[in-house]
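As structure tokens, the structure follows; a few thoughts come after it.
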Amino acid sequence: SITDLIKVEEHRYYEDFDHNENTPYRQKSKDFGELDQKEREFKKQYDDTIKEIQFDCDWTETSKDKYFTFLKKMKQLFAGKTISCTIRLYPFKYPQTAGVPPVDRGMLMCYNSGDIKDIKTVNSIFNKREVLSYLDGKEYPLPLDAVLPVFSWALLYRGNKLENILSIDELQGYYKEYLKKTGEKLVATKDFTYGDNHHSIYIREGDIIKYEETDMELVEAILPELKTKLGPGSTLAFYHVTKHAFDKHAEQIRKIFNSF
């Protein structure tokens with residue numbers, strides 16, 4: 001799939017770029033040959049059907065130059081396609097500091113607005129006040145689409161330090177016997193292993209697990225301001241639409257789509 005081919009690979013490849021503007025596409029590792037091969041396979045299979053390729057990266061001030069060079073290379077490799085990338089809230093509000101990626105469009109991510117590392121944070125997925133504070137800015141230099149949250153997760157803390165992100169569905173389905181509700185959180189009553197042989201996490205007695213879900217009414221409340229940042233033809237998406245999320249929030253999702 002396009003996700004397997006490009007989106008997942010992008011972090012691994014762009015860090016290896018020699019981003020000298022005179023030779024922006026030389027790599028320090030042999031992985032680039034693999035990317036070239038995948039690019040040829042992609043074009044052969046999908047060239048006539050895929051109109052847009054989107055890259056997802058939470059770039060920083062130190063990784064910006066390499067990542068932006070990577071995006072320039074992708075625009076050349078996929079000439080004729082729309083190249084877009086995700087834009088977090090901070091680079092959206094502060095493009096002078098974070099830089100503006102060299103792409104055709106940006107996908108504004110209107111979530112992950114709280115401090116996930118702080119166990120006292122009420123909801124790190126979506127904080128209406130925080131999101132609105134980032135949207136209250138000047139016009140962004142790129143045409144924008146937007147993605148809204150519709151997901152939930154379970155945050156695992158050990159000694160008040162974030163250790164991992166788990167699935168609420170899996171915890172409720174397979175591990176309820178090991179957990180005890182204490183106030184708004186869950187506490188592990190004994191040691192157990194979460195996951196399977198391919199990906200397992202060791203949870204210790206006394207570890208704290210906090211469930212967080214998206215409050216769709218709060219998401220709806222930012223729509224008037226969000227609409228002012230989007231132009232004609234903008235795309236609205238949700239992350240991520242599982243069967244559980246859709247069954248639970250179908251009415252709100254439909255209402256939000258219809259409002260656009």
Side-chain angles (χ1 to χ4, degrees), residues 1-12 46 49-59 82-92 101 103 105-117 121-128 130-131 134-135 144-156 162-175 194-196 198-199 201 209-223 226 229-230 234-260:
S1 70
I2 180 60
T3 300
D4 295 332
L5 177 64
I6 296 296
K7 192 171 182 180
V8 173
E9 301 286 353
E10 155 280 296
H11 285 278
R12 180 158 65 98
Y46 297 108
T49 57
I50 300 296
K51 306 302 181 186
E52 178 176 346
I53 301 172
Q54 185 171 105
F55 296 91
D56 177 30
C57 176
D58 187 4
W59 78 85
T82 296
I83 301 298
S84 64
C85 74
T86 52
I87 311 286
R88 269 68 175 177
L89 290 167
Y90 180 86
F92 168 76
V103 294
R105 301 188 67 84
M107 175 67 86
L108 180 60
M109 301 171 70
C110 300
Y111 52 89
N112 290 356
S113 52
D115 185 358
I116 192 174
K117 295 180 180 180
T121 299
V122 175
N123 192 311
S124 61
I125 294 175
F126 189 86
N127 180 301
K128 184 185 76 170
E130 191 76 9
V131 172
Y134 281 104
L135 294 179
L144 291 172
D145 302 304
V147 56
L148 299 172
V150 69
F151 65 93
S152 59
W153 55 27
L155 304 178
L156 172 66
L162 180 67
E163 290 290 324
N164 223 308
I165 300 175
L166 312 176
S167 163
I168 291 179
D169 291 344
E170 288 195 24
L171 284 171
Q172 292 179 338
Y174 304 108
Y175 306 101
Y194 168 98
D196 54 32
H198 299 289
H199 179 67
I201 299 168
I209 296 174
K210 184 175 69 166
Y211 288 173
E212 292 186 351
E213 298 200 40
T214 302
D215 186 329
M216 297 304 292
E217 290 186 3
L218 295 180
V219 172
E220 285 185 54
I222 74 163
L223 297 183
L226 177 61
K229 310 302 178 184
L230 307 179
S234 292
T235 296
L236 181 67
F238 286 90
Y239 180 81
H240 58 274
V241 182
T242 62
K243 184 179 186 303
H244 170 79
F246 191 80
D247 288 345
K248 185 172 183 178
H249 301 296
E251 184 177 341
Q252 289 106 323
I253 291 173
R254 187 178 296 108
K255 181 179 178 182
I256 290 173
F257 269 128
N258 289 340
S259 73
F260 275 80

Would D56 and T86 count as having a side-chain donor-acceptor pair, cut-off 3.5 Å?
yes
Kindly check if the number of other-residue, nucleotide or ligand heavy atoms within 6.0 Å of NZ (K229) is above 12?
yes
Got a sec: does the CZ of F260 have more than 12 other heavy atoms crowding it under 6.0 Å?
yes
Start with the C-alpha gap between Y111 and T214, add the side-chain angles, then the distance that decides, and say whether side chain to side chain contact (heavy atoms under 4.5 Å, CB included) holds.
CA-CA 9 Å; Y111 52 89; T214 302; over 6 Å; no
Report yes if some heavy atom in the side chain of [X] is under 4.5 Å from a heavy atom in the side chain of [Y]; otherwise report no.
X	Y	result
F126	N112	no
W153	I168	no
L156	I201	yes
F257	F238	yes

Ion pair K210/E212, N-O distance below 4.0 Å
yes
Would you say the side-chain atoms of [X] pair up with the backbone N or O of [Y], donor to acceptor, closer than 3.5 Å?
X	Y	value
S124	D115	no
T242	A245	yes
Y194	S167	yes

Evaluate the criterion side chain to side chain contact (heavy atoms under 4.5 Å, CB included) for residue pair L226 and L148; output intermediate values, then yes/no.
CA-CA 10 Å; L226 177 61; L148 299 172; 3.9 Å; yes
Could you please spell out the steps behind the side chain to side chain contact (heavy atoms under 4.5 Å, CB included) verdict for V150 and I253?
CA-CA 8 Å; V150 69; I253 291 173; 3.8 Å; yes
Atom of D145, atom of T235 and distance for their closest heavy-atom approach:
OD1-N, 2.6 Å
Go through it in stages, so that I can follow the logic: the residues are R88 and D58, the test is side chain to side chain contact (heavy atoms under 4.5 Å, CB included), and I'd like the CA-CA distance, side-chain angles, deciding distance and then a yes or no.
CA-CA 7 Å; R88 269 68 175 177; D58 187 4; 3.8 Å; yes
Would you call the rings of F151 and Y239 parallel, tilted or perpendicular, taking 30° and 60° as the class edges?
perpendicular
For K248, which residues count as a side chain to side chain donor-acceptor pair (under 3.5 Å) partner, sequence neighbours excluded?
E213
